[in-house]
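The chains referred to below are lettered A, B, ... by the order of the sequence lines, with proteins before strands, and numbering in each begins at 1.
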Number of protein chains: 2
Amino acid sequence: MSDDSLSRVFAALADPTRRDMVARLAVGDATVGQLAAPYDVSMQAVSKHIKVLEEAGLVSRSRDAQRRPCHLEAEVFDLMTKWIERYQQRAQERYRRLDAVLAEMNDGAAHTSNDNNNNHNPGLDPTITGAAS
Amino acid sequence: MSDDSLSRVFAALADPTRRDMVARLAVGDATVGQLAAPYDVSMQAVSKHIKVLEEAGLVSRSRDAQRRPCHLEAEVFDLMTKWIERYQQRAQERYRRLDAVLAEMNDGAAHTSNDNNNNHNPGLDPTITGAAS
DNA sequence: GTTGTACTCAACCAATCAGTTGAGAAGGAG
DNA sequence: CTCCTTCTCAACTGATTGGTTGAGTACAAC
């Protein structure tokens with residue numbers, strides 16, 4: 001659900017042409033023809049790109065006679081930012097915890113000096129196989 | 001260059017399985033087998049996914065006997081966050097400018113009450129066809 | 001040495017994707 | 001009405017992708 005929409009957003013932005021279009025739309029709304037102008041591809045190809053951006057929720061299209069002005073929807077960026085920040089934070093927390101463990105090891109314990117630690121993954125949290133979604 | 005690496009990062013995160021792996025790696029390092037366990041795909045498939053994440057700079061692999069523990073590289077997230085925030089800000093600025101224009105129109109002018117506004121793109125910035133890359 | 005584990009590489013396959021061309025739909029202008 | 005512009009839809013093509021299986025590498029353990 002939210003998973004699928006995140007996939008669409010990331011996939012939409014994985015294409016440099018589409019990222020460039022987002023950059024242009026951030027400056028102001030534009031029609032398909034205006035968006036197509038700087039590239040040497042057909043308008044149909046650009047129309048397809050816009051469709052991808054639209055289905056990802058990044059862009060909305062309205063009507064103005066024959067023209068279809070495209071508008072950037074900024075809210076979707078929040079979705080991405082939240083996802084990224086979550087794992088960014090977790091990774092940073094993990095570093096802090098690892099530092100703490102290393103400090104503790106240096107501090108009080110030398111009895112685990114050999115690798116008889118049957119978990120061969122240093123720093124591996126056993127909850128890793130648990131729920132993570 | 002930086003463009004290409006951004007494409008790789010977004011493309012890597014466009015797959016829900018790979019995003020799930022990133023979520024697991026944010027909790028702690030894990031081997032290929034451990035990452036493969038919760039999914040009903042072959043280890044080769046998981047190995048490929050990790051390779052994609054690695055080439056995107058999101059993950060690094062070290063050696064531990066036969067095992068190849070995977071580690072999340074958090075710095076790459078900054079690259080994405082910066083890109084997103086740039087256009088998020090631009091879009092928000094644009095809204096603010098549009099608000100200002102609307103306020104000005106309400107304030108001093110009633111002569112454009114019908115739609116003879118020859119610029120049929122409300123809010124369209126003429127600089128859009130100019131340099132934007 | 002042989003066996004078993006953890007993993008990668010190479011080749012293949014079906015599905016998706018980014019592009020094309022050709023045909024139209026929608027609507028303003030002569 | 002006809003012409004022209006703007007754009008979408010449908011069908012096709014070549015490249016990429018996510019998966020498979022089979023073989024091979026690296027290393028520990030017996």
Five-pair end axes of the helix from C:dG1-D:dC30 to C:dG30-D:dC1 and the angle they enclose, rounded to 10° =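 The helix from C:dG1-D:dC30 to C:dG30-D:dC1 shows an end-to-end axis angle of 10°.
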
query = Less than 4.5 Å apart, any side-chain heavy atom of B:Phe10 and any of A:Val9?
reply = no

So, using side chain to side chain donor-acceptor pair (under 3.5 Å) as the criterion, who are the partners of [X] when residues are at least two apart?
X: B:Thr17; value: B:Asp15
X: B:Glu55; value: none
X: B:Arg68; value: none

Value in whole Å for how far the [atom2] atom of [N] lies from [atom1] of [X]:
X: B:Arg61; N: C:dC7; atom1: CZ; atom2: P; value: 10 Å
X: A:Asp40; N: C:dG19; atom1: CG; atom2: P; value: 10 Å
X: B:Leu53; N: D:dT17; atom1: CG; atom2: P; value: 13 Å
X: B:Glu54; N: C:dT8; atom1: CD; atom2: C1'; value: 12 Å
X: B:Tyr39; N: D:dT20; atom1: OH; atom2: P; value: 14 Å
X: A:Arg68; N: C:dA25; atom1: CZ; atom2: C1'; value: 12 Å
X: A:Met43; N: C:dG19; atom1: CE; atom2: P; value: 15 Å
X: B:Phe10; N: D:dT17; atom1: CZ; atom2: P; value: 17 Å

task = Establish whether A:Met43 and A:Leu25 are linked, either directly or via other cluster members, by ILVMFWY side-chain heavy-atom contacts under 4.5 Å.
result =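 Yes: a chain of side-chain contacts under 4.5 Å links A:Met43 to A:Leu25.
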
task = Salt-bridge test for B:Asp4 and B:Arg8: reply yes if a basic N is under 4.0 Å from a carboxylate O, no otherwise.
result = yes

request  = Drop me the distance from A:Ser62's OG to A:Arg67's CZ, to the nearest 0.5 angstrom.
outcome  =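 With rounding to 0.5 Å, OG (A:Ser62) is 12.0 Å from CZ (A:Arg67).
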
Once side-chain contact (heavy atoms from CB on, under 4.5 Å) is applied, do any residues pair with [X], and if so which ones, sequence neighbours excluded?
X: B:Thr81; answer: A:Ile84, A:Gln88, B:Glu85
X: B:Arg86; answer: B:Trp83, B:Arg90
X: B:Ala45; answer: B:Val41, B:Ser42
X: B:Lys48; answer: none

Scan nucleotides 14-18 of chain C against the protein and return all N/O pairs shorter than 3.5 Å with their distances rounded to 0.1 Å.
| from | atom 1 | to | atom 2 | distance (Å) |
| --- | --- | --- | --- | --- |
| C:dA18 | OP1 | A:Arg18 | NH1 | 3.3 |
| C:dA18 | OP1 | A:Arg18 | NH2 | 2.8 |

request  = Encode nucleotides 21-26 of chain D as B, S and - characters from 5' to 3', where the letter depends on protein heavy atoms closer than 4.0 Å: B to the base, S only to sugar-phosphate, - to neither.
outcome  = BB---B

message = Please determine whether a side-chain nitrogen or oxygen atom of A:Ser47 lies at a distance below 4.0 Å from atom OP1 or OP2 of D:dC7.
response = no

request  = State whether A:Thr31 places a side-chain N or O below 4.0 Å from either non-bridging phosphate oxygen (OP1 or OP2) of D:dC7.
outcome  = yes

task = Hey, which sits more toward the 5' end of DNA chain C by its nearest nucleotide, B:Lys51 or A:Val41?
result =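 It is B:Lys51 whose nearest nucleotide is closer to the 5' end.
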
